[in-house]
Each structure stands twice: as C-alpha cells, then as structure tokens.
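Side-chain atoms are counted along with the backbone in the values below, which use heavy atoms only and exclude waters and symmetry mates.
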Amino acid sequence: MSDRVLGYRSERTLQVVNRLADATSPYLLQHAENPVDWYPWGDEAFERARAEDKPLLVSVGYSSCHWCHVMAHESFESKATAELMNELFVNVKVDREERPDVDAVTMDATVGLTGSGGWPTTVFMTPDARPFYAGTYFPPESRHGLPGFRDVLQAVATAWSERRADLETQAGRIRESLRHGAETRPSVEPLTASLVSGAVRGIAGTFDPAFGGFGRAPKFPAASTIELLLRHGDEDALAMVGTTLDGMAAGGFYDVVGGGFHRYSVDDRWLVPHFEKMLYDNAVLASAYLHAWVVTVEPRYREVVEETLDYVLRDLALPGGGLASAQDADTDGVEGLTYTWTSEEADAVGLPRDLLEPFEHGRQIVRGALDPELRARVLAERRERPQPFLDDKAIASWNGLALAALAEAGYRLERDDWLAAARELGEFLLGSLSSDDGRLLRSSRDGRASGAGFLDDYANVAHGLLELHVATGEVRWLLEAHRLALLASELFGDEERGGFFLSPAGGDERLARTKDLQDTPVASGSSMLAWVLLRLGRLWGDDDLERRALSAFRLVEPAIRQAPWAFAWALCGLDLWLSPPRELAVVGPPGSPVARAALGPFQPGTVIAVGPSEEVPLLAGKSLVDGRPAVYVCERFACRAPVTEPEEVLAQ
C-alpha cells in the first residue's frame, strides 16, 4: 500500500500511516514523512473522526509558503507535538492550490474568528466539517502575543471534552455565516459609468505617489487595478500606472537578473520582496506591462514583458507540458538565498556595488539597470547556485492566465517562439488537463490529475483560449472557449441569485458552496467568467450570455462602492459592457498588414473574431475581398463595408 513511518504516543508505539505518499501535491509530499498521522482531505479522515468522536485539525498551506515551512519544521516535524496531535485529533493536510474550495471555507472561518487571515491556516472542525476554532501560524511556544501550538492543542481538546455544546453552537454560527455570504442578493441599482469613475477616484485615494502601488507596505502587485486605470486612460490614471510600473520594475520585487516578479514587497519601495515567485503573478503582470507598452510605447515596459515571459518559459516549463505553479521563497531553508549577494560574490562576477541594496545577514539585493552582457553573466553565475524548490504541479487556472499573456504578447511583439509555446499550452489544457468528457481538471503532476476543475479554471482557460484565437486566427480555440464558458455557466451558475459559485454543482457535500468575488491577487473566477461571457455574447449575438455576466456585476455593486480596489477586474468587465458595442471581424491571417492595423491598438472595449468561419455568428457570411484579407467593423452585427488597407482601418 504505502510507506510507513514511526511516531510515538505516551507509553506505547503508535504506527503512523504515510497516507500522503501518493499525493499529487508537492506540498502534501513535503509532509509525507512527518511523525504526524496526516490524512488528505477526504472520506477516510471524516469517517475516523465520526467513529472516534474526535475533532479534526485541518492545516492548509502551499509549497512555496515561508511560514508554512516554519510551522512544519517547528511543530509537524516534532515528535512531541506530533504525539499530541495524533492523540487528540484527526489531522488533515490540504494544499490550498489544489483545493480552493476547502481553502475558501477555512479562510473565511479564520477571518471571521480572528479578524485576519494568512497561511498556514490552522482550523479545528467537528466531524461533520464545521469549523469552530481557527488561527494561522502558531509558534511552538508562546511568543510575540501568539499562544504556543501545543497549548492551543490542549486547550481545544479540553474545550471539546468539557464545553462541547459551546463549540457546537460556535460551529453552527460559522456555518450559517458562510452560507449567508453565498446568498447575497443582487443589487437593483443601475450599473452606470459613474460606478467606474467613482471607483477610479476611490483607488486614487490609496495611491502612493512616491513609489507607486496602492496602500501601504506590504505592497502587493495590483495588475487588475493597472488594467482598470489603463482603460480609464486620462492623464491622472496613466500617471498612476507609470509610477507604479516603474516602481515595481526597479529591482528587488522585480528580479532584474533573471526576470519575473516575486510575490510582494515587504516595504514601500518595492525593494525587499517575499521571494517566492508565482505563475499567476507573472502571467497577469506580463499582460499589464504589455498593455502599458501598447498605450505608452515605453521601451522598458516591453523589456519587462520579454524578460518575464522568457523567465516563465525557462524556469517554469514542465517536461510533460504545462507550466509549474511556483518557486519557493527559500533555498536550503534561507529566504532569498538564491537571489541575494554578498559583496565578495558581487565582486567576483563584476556586479557593481552601486547596484546593491542591503537585505539581511550581510546579503544584498540587486536593484537598477543591468546591461545585457552583465545581466547574462550574473544570471549564469546565479544558476550555478542551489535553486529554490519548484512546485511542479500544473494548475489549469494559472496556466490559462499564462496562455493569455503568451498568446497576446507573442502576437504583439512578433515572437513566434511564444506563439508556439502558447499553442502547446492550449493543447495541454485541452488534453492532459481535461477529462474524457471535456471537463477541465484542477491540476496535474507527472501525468496524474488532482480532481475536477473549479470556476477560475474554466474562466481563465477560456480567457486564454480567446487570446490564443486572436493571436493565431485559428477558430478552434474560439469554439473551445465558447464551449467551456457555456459549461462553466451550467456547472457554477446560481440561477436564483446570480453570479457563480466557486465549486461545481455536485461537488464536495461537506463544504458550503461559496462565491469568490474579490479580484485579489488576480481576477476572481466570477469576474473573469463575466468578462469572457461578455466577449462571447457579443461575438455570438447572445443576450443571455450578457445577462449572466451582468448578474455577477450586480452581486458586487454595493461592495465596489465601499472597496473598489478589491473588484478592479469586475470593473474592467463593467467598463466593457458600458462601452459602445464594437466588433471586429477579421478575415484572413492575423499577421497581414490590414489585420495588424486593426488589432494593434489597445482597445479593451472591442471584441474580435478572426476567420473565415461559418460557425461563429459574427464571422458568418464574411469572406476575403478580391482574395485579400479584410476587416469588417461592426456595431451589434451592423457592419460597415469591409476594408483591405491599413490606412482604411485607422480611418474608421
């Protein structure tokens, strides 16, 4: 069956079954040899909890999470702590990236109980999966105002034994709160342009004019906010975009040596990062810098796109197809070790001292412009070092975002290698990350899938396929995007209240179905699916698809007025809906001069289909003109005469 390791309990030996040894999650595999008697989330754990009338301790994290590693080393690798956990609880380890439904419920419970959240999440549940107590990181002994983990274990077990009724009441209140959150009624207020303009004003009030970004440290990249400001397009909005993009790319948070962005900056200056690199951050930031380059023609923004996508394909590409999820913040247990330099190391590779900023333990961060020769030399030296752990599972959702970035950038920057990579990624998503019946899977590793896909998987993959269609002119990708979007509406749609659930109908019955609405750190599945449905609705002339998209916007309308920065991609979708309808039907290769004139500008209020094709309503009946590629400019399918010259496109 599986390997076995030994744990210990008071006066007798306890045999701990290594149930995580066959997991598809690298995070679970990192804990496979703990002395804790871990279960993966599933029937076996809950059946044991019911049989023994024990609470469950559910620990949620991910492989590149620094504090997850700290708590694992301090507590889960400790035989004394494991003994206590095994005696008092049924212990469940969850990869939040594989199970966003479990993560949503446990995080909502943690925030509701403590007022804040983070990972690792430590949640205690009844045998019927109702949370009743929660926290995040606990140290082994009490310090800095945090209770020691073993003290928490003892206290929760005592409360379960002596105050069970109180805990059951608490669990009931939390479940009711989770259920209520998914039953929010849609707003009946009109969706008008003032909602978007008011949101931009609210976001401007959080802007840091010194270094860019929104809010105070720690600073997270806000790709959706940048996209919204680019769409708004006035002088003040573009100034915020420029300051933010320049600040983020200065070095530190952005890896000026190897390309790509770390997860966030711990300071205001975008200097000292939390060093993990996530695929989703790099995908959406590449798209944001690409769009800023189209609008401003600033060469540095193009360089950032090129360096970031080259990093993604160099360091995250997997042998079996797809892109890996993340690289760890730590190397050999030291945060940032791969990316930082001592003065002696810098001197040895010819890295000027004036490009170094202090970090910690005598190590320094590279910040500033590197010429190509120096950059290549420093990167080559750095690649000889031990490298951070690679989480090599391919998540459909994040690969969909990367697909969109690679396809659009490949077309706009005329990088045939990126377009080839995008095609391969599209094939991977529709092949290895799809089931035999055409449904998406959440993730895969070494050819093994983790389970069914979630809302963001369908939304982001459909989004990526739409961009792949425009970039290549291949209709297949557009038809697949349409199929997945319709399937997503069926699997996740809430016909009663509008919007979309995170998990599919018929999913894990232990968990309340929740709605993920906030566009942080990337667009929520709800906002992205609404965006996709709007585009497809205009290409197909399908008002029902637009109605479904609007239902998602109506759910967040009141929240947008309170916290617009948390719903920036929903606002991008709303901006599309409010824009005058404009469709481009391009017949012929997207690389033709007339097609490039049509597709070149930044025009987020325009929807595009490339043909010929009789299967796409906007393209039906449209053909080449005298054998030449042509562009049809339309408004709700009322089209002008086709044009075949670039200057004719620009005149429309």
Side-chain angles (χ1 to χ4, degrees), residues 26 62-64 97 221 223 226 245 248-249 251 253-264 273 275-293 300-329 338-339 375-376 379 382-383 387-429 432-433 443-445 460-461 463-465 467-468 471 521-523:
Y62 56 105
S63 71
S64 54
E97 296 169 354
I226 292 166
L245 296 182
M248 290 195 300
F253 167 68
Y254 179 69
D255 180 3
V256 295
V257 173
F261 294 86
H262 298 290
R263 185 160 170 254
Y264 63 85
F275 284 92
E276 65 195 271
K277 286 183 175 180
M278 313 300 294
L279 174 60
Y280 61 74
D281 282 326
N282 285 284
V284 297
L285 286 169
S287 293
Y289 275 85
L290 177 69
H291 297 153
W293 172 75
R300 177 58 180 147
Y301 299 159
R302 175 176 179 145
E303 291 175 6
V304 171
V305 176
E306 292 173 331
E307 292 168 1
T308 298
L309 292 181
D310 284 344
Y311 151 72
V312 166
L313 293 177
R314 181 189 69 232
D315 289 357
L316 301 184
L318 297 170
L323 298 167
S325 301
Q327 288 178 299
D328 208 329
T338 296
Y339 302 102
R375 183 173 182 268
L379 178 60
R382 199 178 78 180
R383 290 179 68 81
Q387 298 298 304
F389 176 80
L390 179 72
D391 188 319
D392 59 352
K393 66 178 182 294
I395 298 175
S397 172
W398 303 359
N399 275 259
L401 295 173
L403 173 59
L406 283 166
E408 186 182 6
Y411 176 77
R412 290 191 179 277
L413 304 186
E414 300 185 60
R415 287 284 299 262
D416 289 341
D417 55 334
W418 291 353
L419 285 177
R423 282 190 180 92
E424 291 179 8
L425 192 51
E427 296 286 1
F428 175 77
L429 288 164
S432 299
L433 273 176
S443 66
S444 70
R445 181 176 180 271
N460 291 342
V461 170
H463 169 57
L465 293 172
E467 295 299 338
L468 184 57
V522 295

[X] vs [Y] side-chain heavy atoms within contact, under 4.5 Å:
| X | Y | result |
| --- | --- | --- |
| Tyr339 | Lys277 | yes |
| Ser443 | Glu97 | no |
| Leu403 | Val461 | no |
| Ser325 | Tyr62 | no |
| Trp418 | Glu306 | yes |

I'd like to check the side-chain hydrogen bond (donor to acceptor under 3.5 Å, both in side chains) partners of [X]; sequence neighbours left out, ordered by chain and number.
| X | value |
| --- | --- |
| Tyr411 | none |
| Tyr280 | none |
| Glu424 | none |
| Ser444 | none |

Exercise. For the pair Leu413 and Leu290, evaluate side chain to side chain contact (heavy atoms under 4.5 Å, CB included) and give the outcome as yes or no after the intermediate values.
Key: CA-CA 9 Å; Leu413 304 186; Leu290 177 69; 4.2 Å; yes
Quiz prompt | Backbone of Val256 reached by a side-chain donor or acceptor of Arg375 within 3.5 Å | solution = yes
Quiz item: Could you walk me through whether Arg445 and Asp392 pass the salt bridge (charged side-chain N to carboxylate O under 4.0 Å, His left out) check?
Solution: CA-CA 7 Å; Arg445 181 176 180 271; Asp392 59 352; 2.6 Å; yes
Exercise. Name the orientation class of the two ring planes belonging to Phe261 and Phe253 (parallel below 30°, tilted from 30 to 60°, perpendicular beyond 60°).
Key: tilted
Practice problem: With sequence neighbours excluded, tell me which residues meet side chain to side chain contact (heavy atoms under 4.5 Å, CB included) with Val257. | Solution: Asp255, Val366, Leu370, Val378, Leu379, Arg382
Among residues at least two apart in sequence or on other chains, which ones pass salt bridge (Lys or Arg N to Asp or Glu O under 4.0 Å) with [X]?
| X | result |
| --- | --- |
| Arg415 | Asp310, Asp417 |
| Glu414 | none |
| Asp391 | Lys393 |
| Asp328 | none |

Distance check, rounded to the nearest 0.5 Å: [X] atom [atom1] versus [Y] atom [atom2]?
| X | Y | atom1 | atom2 | answer |
| --- | --- | --- | --- | --- |
| Gln327 | Arg263 | CD | CZ | 15.0 Å |
| Leu406 | Leu419 | CG | CG | 9.0 Å |
| Leu429 | Leu468 | CG | CG | 10.0 Å |
| His262 | Ser64 | NE2 | OG | 12.5 Å |
| Met278 | Ile395 | CE | CD1 | 7.5 Å |

Non-hydrogen atoms of [X] and [Y] that approach each other most closely:
| X | Y | result |
| --- | --- | --- |
| Leu279 | Ala402 | CD1-CB, 4.0 Å |
| Ala286 | Ala405 | CB-CB, 4.3 Å |
| Ala409 | Val305 | CB-CG1, 4.1 Å |
| Leu425 | Gly322 | CD1-CA, 3.8 Å |

In residues 312-319, what donor-acceptor pairs under 3.5 Å come from side-chain atoms, sequence neighbours left out?
from, atom 1, to, atom 2, distance (Å)
Arg314, NH2, Gly258, O, 2.8
Asp315, OD1, Arg383, NH1, 2.9

Quiz item: Do any pairs count as a ring-ring contact (aromatic ring centres under 6.0 Å, His included) and have a residue in residues 304-325, sequence neighbours left out, and if so which ones?
Solution: none
Quiz prompt | side-chain contact (heavy atoms from CB on, under 4.5 Å), paired with Tyr254, selected from Leu245, Val304, Leu285 | solution = Val304
Self-check item: Basic-acidic side-chain contact under 4.0 Å: Glu427, Arg423
Solution: no
Practice problem: Among residues two or more places apart or on two chains, list those pairs meeting side chain to side chain donor-acceptor pair (under 3.5 Å) that have a residue in residues 399-408. | Solution: His291-Glu408, Glu408-Arg412
Quiz item: Just by distance, with hydrogens left out, do Asn282 and Thr308 show a side-chain donor and acceptor under 3.5 Å apart?
Solution: no
